[in-house]
Amino acid sequence: MRKIYVTDYEYDSLAPEEHELARAGLTLIPQQCHTEDDVIRTCADASGLLNQYAPITRRVIEALPHLKVIARYGVGVNTVDLEAATEHGVCVLNVPDYCADEVSNHAFALLMACHRKLAPLHTQVNGGGWDYNICKPIHRLAGQTLGLLGFGRIPRLLAEKARAFGLKFAVYDPFVPPASVASYGGKLLTLDEVLQASDMISVHVPLTKETEHLLSHREFDIMKPSTILINTSRGPLIDEEALYAALTQGKIAAAGLDVTEQEPLAQDSPLRSLPNIIITPHAAWYSEEAECELKTKAARGIADILSGHDLPNIVNRTVREKLSLKPHVSGVPC
């Protein structure tokens, strides 16, 4: 019987995965791997991997001779060496649509909390105070410009929600045509133009070698001093040393982060001490429904690939040239 290993997970139950894989005659074996060596040692006979954070490097892929498919719990696949997977005919899947509503809501919640300065106001009241003057200045939200870095599913939902509050928006995304942005009422600009024009900036680009530290000292220098920065995508997109300097030197006004360069955020991180930042523990994706959908779709994707079916969410699409996959058959929603 072909074996599917969960390399690592933080979930209370793997029942949705077990159900989907059992229907296809596959055996689920949970592990808690933290290193390459852990994966190689415990998952040696894997036909498929369900992966959360464990590193699936070239060395790992080359050490698993039966491996056919890797499904990532999430949208990003930065834990997987895509080039090595493609070379070895291994399909890499993500789940691109399971939490778009949740993440766009969380991004907007962080934006609003920073804009209305809820954290310092709450801290003051808890300390016995009662004075709105500590939050001055706050300017009217309507008419301000929200900059969106990336224009996929999540930022498009965020744009729709932001328009209801009277926000204008500008977009940086080198992979979308101007008409796609214009249809939402926004403008497609260069990165520097978005950074200079925006009152608020929300980051939604994938993490790659090219986008690591997309925002660093130079970028903070050209933002408005009143800028609010939100990141619900990947922590390393922002240089945290540069962010700390920007927040303490008045180069930007505030930040709301759901992701950090290292997770969990180090206890001695200087970001923890700042009054003008809100940090949540990579929770933007979460709702009960989103978790169920994520787990079900990830497992179902592995079952479909191992039964020879093509899928629209194969990330390394050129791997199709190495395989003979049948047309995709839609499954039952979660």
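In what follows, residues are counted from 1 in the order of the sequence shown.
- Taking a cutoff of 4.0 Å between a charged side-chain nitrogen and a carboxylate oxygen, Lys224 and Asp199 qualify as a salt bridge.
- No side-chain donor-acceptor contact under 3.5 Å links Thr57 and Asp81.
- Considering only heavy atoms from C-beta on, Leu306 comes within 4.5 Å of Lys68 through its side chain.
- A donor-acceptor pair shorter than 3.5 Å cannot be found between the side chains of Asp258 and Thr232.
- Hydrophobic clustering (side-chain heavy atoms under 4.5 Å, transitive across Ile, Leu, Val, Met, Phe, Trp, Tyr) groups Ile201 together with Leu207.
- Leu146 and Ile222 fall into different hydrophobic clusters, where Ile, Leu, Val, Met, Phe, Trp and Tyr side chains are chained together by heavy-atom contacts under 4.5 Å.
- Checked by atom type and distance alone, the side chain of Asn231 never pairs as donor or acceptor with a backbone atom of Leu257 at under 3.5 Å.
- To the nearest 0.5 Å, the span separating CG on Leu189 from CD on Gln196 amounts to 10.0 Å.
- Under a 3.5 Å cut-off, the side chain of Arg72 and the backbone N or O of Gln52 do form a donor-acceptor pair.
- Between Lys136 and Asp131, no side-chain nitrogen of the basic residue sits less than 4.0 Å from a carboxylate oxygen of the acidic one, so the salt-bridge criterion is not met.
- A salt bridge is defined here as a Lys NZ or Arg NE, NH1 or NH2 lying under 4.0 Å from an Asp or Glu carboxylate O, and Arg58 with Glu62 meets this definition.
- Here Ala298 pairs with Leu50, Ala71, Tyr73, Val95 under the side-chain contact (heavy atoms from CB on, under 4.5 Å) rule; sequence neighbours left out.
- Salt bridge Arg2/Asp45: absent, no basic N to carboxylate O contact under 4.0 Å.
- A donor-acceptor pair under 3.5 Å links the side-chain atoms of Arg272 to the main chain of Leu265, judged by distance alone.
- No donor-acceptor pair closer than 3.5 Å links the side chain of Gln32 to the backbone N or O of Thr7.
- Side-chain polar atoms of Asp221 and His217 form no donor-acceptor pair below 3.5 angstrom.
- A donor atom on one side chain and an acceptor atom on the other are not found under 3.5 Å apart for Glu241 and His213.
- Looking at every heavy atom in both residues, Ser104 comes nearest to Leu157 through OG-CB, 3.7 Å.
- Although no hydrogens or angles enter the test, the distance criterion places a donor-acceptor pair under 3.5 Å between the side chain of His88 and the main chain of Ala84.
- Annotation: side-chain contact (heavy atoms from CB on, under 4.5 Å) contacts of Ala85 (sequence neighbours excluded): Ile61, Val90, Val92, Asn316.
- Salt bridge status for Asp192 with Arg218: present, with a side-chain N to carboxylate O gap under 4.0 Å.
- Residues Asp310 and Lys326 are not paired through a salt bridge, judged by the lack of any N-O separation under 4.0 Å between the basic side chain and the carboxylate.
- Taking the charged nitrogens against the carboxylate oxygens, Glu20 and Arg23 do have a contact shorter than 4.0 Å, which makes a salt bridge.
- With 3.5 Å as the limit, one finds no donor-acceptor pair spanning the side chains of Lys117 and Asn276.
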